[in-house]
Asks: 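Here you go, one structure.
Order of listing sets the numbers, starting from 1, for every ligand and every atom in it. Worth saying up front: this structure is predicted, and the values here are computed from it rather than measured.
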Amino acid sequence: MTTPRIYLSPPELTGNELGMLGAAIASGWIAPLGPHVDAFEAETARRVEMPHALALSSGTAALHLALLVLGVGRGDTVWTSTLTFAATSNAIAYTGAAPVFVDSDRASWNLDPGLVVDALDRAARTNTLPKALVGVDLYGQCADWEPIIAACRRHGVWIVEDAAEALGASYHGKPAGSLGDLATLSFNGNKIITTSGGGMLLGTHKAWLDRARHLATQAREPVRHYEHKDIGYNYRLSNLLAAVGRAQLADLDRRVEARRTIQARYVAALGSRPGWSFMPEASFGRATHWLSCAVIDSAAAGETRDDVIERLAAAEIEARPVWKPLHLQPAFSGAQTLGGEVAAQLFRDGICLPSGSSLTAADQDRVIAAIATTPALRRRA
Ligand SMILES: *Cc1c(COP(=O)(O)O)cnc(C)c1O
């Protein structure tokens, strides 16, 4: 008998998708717009407590449009987290602006607020302020936004919250996705809810969202013939996928609880292993633990992060390193970086463990056993 593979964060269906999708098809709304798109936007906006929302083909498209509606372009700089998925700064690069990568703090693994505040004050004195800051809520945990927002407001820097990994999390009681001027979500297959591929732009100002909607539909002017004053994009989400997204969104609370339970079981079983420390949950918020992550101090653990990943792979279990910081990526070589040592260390030692909301306790026990049995094996060897 072959052992079924355990994946890092596979998509989970609720059972309601097919019904919603069937109804969407029966209604004849196959075109990329329709009532499910409108409803998905309204339901997500309500959930995230942002007044306006725009459903899009990906989280990356949402980031790109967020920057465009803020007027970001060539000659501008945009500050962002170095410890994130490349999509965050790819979107900055699409606009022609230059990313500046900012290090993490150890308390949340997100933007170091002290570093951001000091560096913005310094940039104001040298007239090198960024046009915008794109802060990431990493692995389901919000950044420490209050000091960052206050500094951005003081210096007139726009704030984009990349909440792709944090739908369902909160910061001082406010939902992830409600904290910036604009926010972005992803519904990629590995995220907490999925449309198989999709994203959402949320914002405080209707004019921004109207502009984004225009750009996302090839910038077609509202006249009979095809008239275009701007270069547009084909970035809208289809009505069929929005139907899937609505079924998924209705299940969000359960998924948050499932992922938090998974993290708690990992911490209980592995948290006191020599050299292991799990990503901390900062006191300012409630994380979803979209992925359960830990750092492994190889000197204390007697094995490296890669040893653990390889052993899990041999047991048909998928685990991954923490994101490789963007300031270490060849694609962004030469970009300015503020700090970077914390993120580099989190990458060197950090592991992401299987965390999908459909992970059963028995499967999680398999992961835990595969990790926990090694020292004994080693001793025998
Ligand atoms: C997934 C992700 C994105 C991109 O979303 P897509 O829908 O895959 O384009 C952006 N930022 C972060 C932090 C992500 O994890």
Asks: Name the closest protein heavy atom to atom 2 (C) of ligand 1, giving the residue it belongs to and the distance to 0.1 Å.
Replies: Lys191 NZ, 2.9 Å

Asks: Quick check on contacts: which atoms of ligand 1 are under 4.0 angstrom from a heavy atom of Thr84?
Replies: 13 (C)

Asks: Taking the side chain as C-beta and beyond, is there a heavy-atom pair between Pro130 and Leu120 under 4.5 Å?
Replies: yes

Asks: Near Thr88, which atoms of ligand 1 are under 4.0 Å from a heavy atom of that residue?
Replies: 11 (N), 13 (C)

Asks: Just verifying a value: how many Å separate Asp76 CG and Leu70 CG, rounded to the nearest 0.5 Å?
Replies: 10.5 Å

Asks: Determine, using heavy atoms of Gly198 and all atoms of ligand 1, whether some pair is separated by less than 4.0 Å.
Replies: yes

Asks: Quick check on contacts: which atoms of ligand 1 are under 4.0 angstrom from a heavy atom of Ala164?
Replies: 2 (C), 3 (C), 10 (C), 11 (N), 12 (C), 14 (C)

Asks: Any N or O on Glu165 sitting closer than 3.5 Å to an N or O of ligand 1?
Replies: yes

Asks: With ring centroids as reference points, do Trp323 and Trp109 lie under 6.0 angstrom apart?
Replies: no

Asks: With heavy-atom distances below 4.0 Å as the criterion, list the atoms of ligand 1 near Ala87.
Replies: 3 (C), 4 (C), 10 (C)

Asks: Can you tell me how far the CZ atom of Arg220 sits from the NZ atom of Lys229, to the nearest 0.5 Å?
Replies: 14.0 Å

Asks: Do me a favour and list the nearest non-hydrogen protein atom to atom 11 (N) of ligand 1 with residue, atom name and distance?
Replies: Asp162 OD2, 2.7 Å

Asks: What distance separates Glu341 CD from His327 NE2, expressed to the nearest 0.5 Å?
Replies: 7.0 Å

Asks: What I'd like to find out is whether the side chain of Arg305 reaches to under 4.5 Å of the side chain of Arg348, using heavy atoms alone.
Replies: no

Asks: Short N/O distance, under 3.5 Å, between Gly59 and ligand 1?
Replies: yes

Asks: Ser186 to ligand 1: N or O pair under 3.5 Å?
Replies: yes

Asks: Please work out, at 4.0 Å between heavy atoms, whether the side chain, the backbone, both, or neither of Ser58 comes within that distance of ligand 1.
Replies: both

Asks: Select the closest option to atom 8 (O) of ligand 1 among Asn188, Leu291, Leu63, judged by heavy-atom distance.
Replies: Asn188

Asks: So, His64 versus Tyr233, ring centres under 6.0 angstrom or not?
Replies: yes

Asks: Pick one of side chain, backbone, both or neither for how Thr60 approaches ligand 1, counting any non-hydrogen atom pair under 4.0 Å.
Replies: both

Asks: Testing Val160, Leu185, Leu182 one by one against Leu201 for a side-chain contact (heavy atoms from CB on, under 4.5 Å), which residue passes?
Replies: Leu182

Asks: Evaluate the ring planes of Phe278 and Trp276, with Trp represented by its six-membered ring, and classify them as parallel (under 30°), tilted (30 to 60°) or perpendicular (over 60°).
Replies: tilted

